[in-house]
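For reference, the structure is listed below as structure tokens.
Every chain is numbered from 1, with letters handed out A, B, ... down the list of sequences.
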Protein chains: 2
Amino acid sequence: MVQKTRRPAASAKSASAKSLLEASGAAVPKRRGRPRAYQPEIALGKALDLFRKDGFAATSLDDLSAATGMNRPSLYGAFGDKRELYIKSYQRYRADARAAMIDIFKDELPIRKRLERIFAVALDIYLSGDAGPRGCFTVMTAASEAVADPEIRAMVLEGFAELDKAFAACFSRAKEKGELASTADPQVLAQLASATIHTIAIRARARMPRKQLEAIVNGAIDVLVGAAST
Amino acid sequence: MVQKTRRPAASAKSASAKSLLEASGAAVPKRRGRPRAYQPEIALGKALDLFRKDGFAATSLDDLSAATGMNRPSLYGAFGDKRELYIKSYQRYRADARAAMIDIFKDELPIRKRLERIFAVALDIYLSGDAGPRGCFTVMTAASEAVADPEIRAMVLEGFAELDKAFAACFSRAKEKGELASTADPQVLAQLASATIHTIAIRARARMPRKQLEAIVNGAIDVLVGAAST
DNA sequence: TGTTTTTTGTACCATCTCGCAAATAATCCT
DNA sequence: AGGATTATTTGCGAGATGGTACAAAAAACA
């Protein structure tokens, strides 16, 4: 039971929901019928947590129902069937991850510092979780669902491309600023940086200790920025 | 239905089984009861294929039964329950992968050539499969099962360590032979090589075209061997 | 031939799976 | 107040799930 209140204290709830909506700039639509007993945002977050922990197939609708505090028909009405809920969870994950990274990617720091921060944030994301490290949703999704489902596959591939591109922009700028040798290929360095992200995501999932993961990250940074300079 | 013959043509079957046993040096034990209608080796191979395609949770005993040609009681008797079968499949996968790699790792080729060959074999393994690329069992297993299952987790971690170690030995030897700069750290390079393996495993699973995967591999090799030499 | 041993085939169990239909409840609008 | 609208609740149902019991079958042994 998570957000299951028989008497929803409607005023407080709608107030918080309202402020959330207003913050995002949308006009408050004044819904017509019976008010929702759940908040889609946080319900989706709970679903995401579950999917990240167990994967698509091993997560049942009962689990999702229990975690979100919504019973099955409500879940169905709000998010569609299990697959749709999975996709929406994945989109939410991507949005969260992007939000956590984007500032660092854009920051005008020395390349080395920037990489350190990016990888540190990634480790935070992958290692968090009460019941063991949750890893990277993209990697898990790629491993299991992307083979058979074209729509999910497209999202995963787009995720890879997005990360590669962000890293490439990083290295390009660093090269312009003279932090890298003129022979350095930003594209190649970006793919190796992504590879580092992927390897720590997988290894974190197998509960490799943070120290070891940080050692991998530090070694990778040395090669990436030291490779063609100094 | 795969190896389901009502009239097993016992002579041929037992002959091949015998030769297999004799080849491995064991005396033929002359089993006592009703002879098996299946060959454990090839049945395990079929199970492995299924698990690689769909993962643990999404593979049902019915699927396994159909693919191996063994009915459930036989499956259970031969390999134990689903989890045990999964573990045995994973061990088989590791043995196969090791067999495919070990010669190249030991070969006395220039480091660059050796890396090219290793990654090429890896790509062959990850991209093969009738119903889409099968990816790397270790990566898939790490992503889904390793979090919750200590025994599986230990195997996965050991798999990572084994790969890291093999690459490290490669780079160490190359360094001794003067193919790498004296500043090169074989350990770090090995982890980056493993990271490259992991990234192509994941991306292959998302059906990234082989050309692109090869480009990633080539870029990685350039950095790995060019990083501290030339 | 008859006993023993091992594997197979059929059937079954209890549980869980996803999705839905019908009834109930809470709000808005007139 | 009374309909309209939207959500929630209960519970169903057809099927799949992992696992097992039991008898028939096929071989070796005595």
Side-chain angles (χ1 to χ4, degrees), chain A residues 1-15 17-18 28-40 43 47 50-51 54-87, chain B residues 1-15 17-18 27-40 43 47 50-51 54-87 89 145 149:
Chain A
M1 308 292 169
V2 175
Q3 45 166 331
K4 190 170 231 167
T5 28
R6 294 272 166 197
R7 293 270 149 239
S11 50
K13 278 245 171 136
S14 63
K18 202 163 90 175
V28 193
K30 264 208 170 180
R31 306 192 48 82
R32 196 118 135 64
R34 176 173 177 168
R36 290 181 163 150
Y38 59 91
Q39 288 169 258
L50 256 196
F51 278 133
D54 298 329
F56 177 81
T59 303
S60 72
L61 282 188
D62 279 338
D63 297 335
L64 291 165
S65 181
T68 57
M70 305 163 62
N71 42 29
R72 253 164 312 182
S74 292
L75 264 179
Y76 203 78
F79 304 110
D81 68 7
K82 193 179 167 187
R83 179 175 163 278
E84 281 184 83
L85 178 51
Y86 185 83
I87 290 179
Chain B
M1 308 295 173
V2 177
Q3 44 167 331
K4 191 169 232 166
T5 26
R6 291 275 165 193
R7 293 271 151 237
S11 50
K13 278 241 169 142
S14 62
K18 203 161 91 174
V28 192
K30 264 207 171 180
R31 307 192 48 85
R32 195 121 134 63
R34 175 172 177 168
R36 291 180 163 151
Y38 60 89
Q39 287 170 257
L50 257 196
F51 278 133
D54 298 330
F56 177 81
T59 303
S60 72
L61 283 188
D62 279 337
D63 297 335
L64 291 165
S65 182
T68 57
M70 305 164 62
N71 41 30
R72 254 169 312 194
S74 293
L75 263 180
Y76 202 85
F79 304 110
D81 67 7
K82 192 180 167 185
R83 178 176 163 278
E84 283 183 82
L85 178 52
Y86 186 81
I87 290 179
S89 297
E145 312 310 316
D149 191 314

Separation of [N] [atom2] from [X] [atom1] (nearest whole Å):
X       : N      : atom1 : atom2 : result
A:Lys82 : C:dC20 : NZ    : P     : 15 Å
B:Leu64 : D:dA16 : CG    : C1'   : 14 Å
A:Leu75 : D:dT8  : CG    : C1'   : 12 Å
B:Phe79 : D:dG18 : CZ    : C1'   : 17 Å
B:Met70 : D:dG19 : CE    : P     : 15 Å
B:Tyr38 : C:dG9  : OH    : P     : 11 Å

Can you check whether [X] has a side-chain N or O nearer than 4.0 Å to OP1 or OP2 of [N]?
X       : N      : value
B:Ser60 : D:dT17 : yes
B:Asn71 : C:dT8  : no
A:Ser74 : D:dT8  : yes

Could you work out which one of [options] sits closest to the side chain of [X]?
X       : options               : value
A:Pro73 : D:dT8, C:dA21, D:dA28 : C:dA21
B:Arg34 : C:dT6, D:dT17, D:dA21 : C:dT6
A:Arg72 : D:dG18, D:dT8, D:dC12 : D:dC12
A:Leu61 : C:dT8, D:dG19, C:dG19 : C:dG19
A:Arg36 : D:dA7, C:dT8, C:dG19  : D:dA7

Report task. Would you kindly say whether A:Ser65 and A:Asp62 are connected by a side-chain donor-acceptor distance under 3.5 Å? Result ->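 Distance-only check fails for A:Ser65 and A:Asp62.
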
(message) Can you see whether A:Ser74 engages A:Asn71 through a side-chain donor-acceptor pair at a distance of less than 3.5 angstrom?
(response)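 The criterion, which ignores hydrogens and geometry beyond distance, is satisfied for A:Asn71 and A:Ser74.
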
Exercise for review: Assign each of B:Asp63 and B:Tyr76 to its nearest nucleotide of DNA chain D by heavy atoms, then name whichever residue's nucleotide is nearer the 5' end.
Suggested key: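 Closer to the 5' end of DNA chain D: B:Asp63.
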
* Return the 5'-most residue of the pair B:Asp62, B:Pro35 with respect to DNA chain D, ranking by each residue's nearest nucleotide. =>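 The answer here is B:Asp62.
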
Worksheet entry | Parallel, tilted or perpendicular: ring planes of B:Phe51 versus B:Phe56, cut at 30 and 60 degrees |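 Parallel.
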
For A:Ser65, answer base if it contacts any base atom (sugar-phosphate contacts may also be present), sugar-phosphate if it contacts only those atoms, and nothing otherwise; contact means non-hydrogen atoms under 4.0 Å.
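Nothing: the residue A:Ser65, judged by heavy atoms under 4.0 Å, touches no strand.
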
| message | If you assign each of B:Arg32 and A:Phe56 to its closest nucleotide in DNA chain C, which residue comes earlier from the 5' end? | response |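 Taking each residue's closest nucleotide, the earlier one in sequence belongs to B:Arg32.
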
Kindly indicate whether the side chain of B:Ile87, heavy atoms from C-beta on, has any atom under 4.5 Å from the side chain of B:Glu84.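 No; the side chains remain at least 4.5 Å from each other.
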
Close side-chain approach of B:Tyr76 to B:Leu61, heavy-atom, < 4.5 Å: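 No, side chains not in contact.
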
